[in-house]
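Below: one structure, written as structure tokens.
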Amino acid sequence: MGKLVVISVFVAALSALLGERFINFRQRTLASRELTQNHLPNCFPLKSLGYGSEDITVLPNGLALVSTGLKYPGMPSFSDDPGKIFSIDLQDSRIKPVELRMTRNFDLDSFNPHGISVYIDESDNAIYLFVVNHPQHKSQVEIFQFVEEENSVVHLKTISHELLYSVNDIVAVGKESFYATNDRYFTHEYLRLVNFLLSQPWSNVVYYSPEEVKVVSEGYYFANGINISPDKRHIYVVDLLDHNVHVLEKKQDNSLIPVKSVAVGSLCDNVEVDPESGDLWLGCHPNWKILLNDPEGQDPPGSEVIQIQNIHSEQPVVTQVYADDGSVIIGSSVAAPYGGKLLIGTVFHKALCCDLK
């Protein structure tokens, strides 16, 4: 009888815990949120980018670099081809993606690009492209030199480290130094859902340089996109499951000090920064449909673009710039503005170019 009581109490406690975790999971993933269409004018899909354009960054001259073909655990993939990097000249009215050529000293067959960042060396204007890569679902960072005249990249270095165990995004701050987000605590594919169900603040930001590697910020539920302010004084970190963008001050020793957070009300992914206005542009997932893995169903994941103006002021302005229920574009992950145009990339679907109002 005593054993039966113990078992009954255990089952009841476990059921209560699982129920509480599921309710928390629904809240964290905005399961009940509905989306109203909010389209921009003159949107059209970009050729050659039908299998994802997870991250996009734009150079000062209007040349956009795009990572494509990400195969991410738990997310659908509609192509068996390796990932690629494309360029798009936004000053060219054709807005035509062109695949970058890569040197043969790099394993192209296992290339699985995720977040990207660019560092421009002011001493000689050399452009370094940093790419988060997941060959065989591992995490490492590739450093390339971008040769614009040849539309190619030369592989320079592969970086792996025990602290870079689940890298999502990256922001370069030197020729071989960067900040990176680790989005998950459990990295095994079969434990992926555990991260979401537990929803614990175990995600972090790591600083890497050849001289030191260290965790510089932690306590995130799902640290995702990361970028830097135009004056290089602040780092922005997007917490997808906390629905916030965190502002951190970058110190001389490369440590990060929390300053504030700004609520965005969506599951935001990558963040781009307008170099002139300092505005933040976020590609977001409106609700939990992106996690349900049913992009071809009757109710596919939607897309959302959010802009944050005056983020360092006492009253930042958060604006929904674009929203779609999945009928046009599925699973937006990045939004990059340039010259009155907006590029919207996705995890595994097509990319759009729209006119900004």
* Please report the C-alpha distance between Asn61 and Glu148 in whole Å, then the side-chain angles of each, then the deciding distance to 0.1 Å, and finally whether the side chain to side chain donor-acceptor pair (under 3.5 Å) criterion is met. => CA-CA 11 Å; Asn61 64 357; Glu148 186 174 350; 2.9 Å; yes
* Answer yes if the side chains of Ser87 and Asn151 hold a donor-acceptor pair under 3.5 Å, and no otherwise. => yes
* Using a strict 4.0 Å threshold on nitrogen-to-oxygen distance, state whether Asp242 and Arg28 make a salt bridge. => yes
* Geometric class of the His155/Phe144 ring pair [parallel <30°, tilted 30-60°, perpendicular >60°] -> perpendicular
* Which is it for His312 and Tyr236 under the ring pair (Phe, Tyr, Trp, His ring centres under 6.0 Å) test, yes or no, and what are the steps along the way? -> CA-CA 11 Å; His312 296 284; Tyr236 306 120; 5.8 Å; yes
* Asked: Once you find the SG atom in Cys353 and the one in Cys43, is the distance between them below 2.5 Å?
  -> no
* To do: Kindly say whether Ser177 contributes a backbone atom to a donor-acceptor pair with the side chain of Ser209 at under 3.5 angstrom?
  => no
* To do: Using atom types as modelled and distance alone, determine if a side-chain donor or acceptor of Thr68 lies under 3.5 Å from a backbone N or O of Ser53.
  => no
* **Residue pair Asn182, Asn204: steps toward the side chain to side chain donor-acceptor pair (under 3.5 Å) verdict** => CA-CA 5 Å; Asn182 284 310; Asn204 62 31; 2.9 Å; yes
* Looking at the rings of Phe106 and Phe111, which for Trp means the six-membered one, are their centres under 6.0 Å apart? -> yes
* Asked: What's the spacing between Glu272 CD and Asn227 CG if we round to 0.5 Å?
  -> 5.5 Å
* **Donor-acceptor side-chain pairing of Asn254 and Tyr207 below 3.5 angstrom** => yes
* Minimum heavy-atom separation for Lys260 to Ile311, with atom names? -> NZ-O, 2.8 Å
* Asked: If we ignore angles and hydrogens, is there a donor and acceptor under 3.5 Å between the side chains of Asn112 and Gln136?
  -> no
* Within 45° cone of Phe222 ring axis and under 6.0 Å: Arg184 NZ or CZ -> no
* Structure fact -> Of all heavy-atom pairs linking Ser152 and Leu100, the shortest is N-CD2, 4.4 Å
* Strictly by modelled atom types, are Asn168 and Thr181 linked by a side-chain donor-acceptor pair under 3.5 Å? -> no
* Asked: Thinking salt bridges, do Arg233 and Glu249 make one under a 4.0 Å N-O criterion?
  -> no
* Asked: Is there a path of hydrophobic side-chain contacts, each under 4.5 Å between heavy atoms of I, L, V, M, F, W or Y residues, that connects Val141 with Leu129?
  -> no
* side chain to side chain donor-acceptor pair (under 3.5 Å) assessment of Glu304 paired with Ser266 -> CA-CA 8 Å; Glu304 188 172 24; Ser266 188; 2.7 Å; yes
* **Close side-chain approach of Leu30 to Trp288, heavy-atom, < 4.5 Å** => no
* Any side-chain donor near an acceptor of the partner, Glu54 and Ser67, under 3.5 Å -> no
* Common cluster, Tyr51/Val347, ILVMFWY with side-chain heavy-atom separation under 4.5 Å -> yes
* To do: Any chance you could measure Ile143, atom CD1, to Phe130, atom CZ, to the nearest 0.5 Å?
  => 4.0 Å
* Looking at the rings of Tyr72 and His114, which for Trp means the six-membered one, are their centres under 6.0 Å apart? -> yes
* **Short N-O contact, Lys341 and Asp355, less than 4.0 angstrom** => yes
* Distance flag, aromatic centroids of Tyr119 and Phe178, threshold under 6.0 Å -> no
* Asked: Are the charged groups of Lys251 and Asp253 less than 4.0 angstrom apart, N to O?
  -> no
* Asked: Ile344 versus Val305: any side-chain heavy-atom pair under 4.5 Å?
  -> yes
* Asked: Is a side-chain donor or acceptor of His285 paired with a backbone partner of Asn287 at a separation under 3.5 angstrom?
  -> no
* Would a line drawn from the ring center of Phe78 to the ring center of His349 be shorter than 6.0 Å? -> no
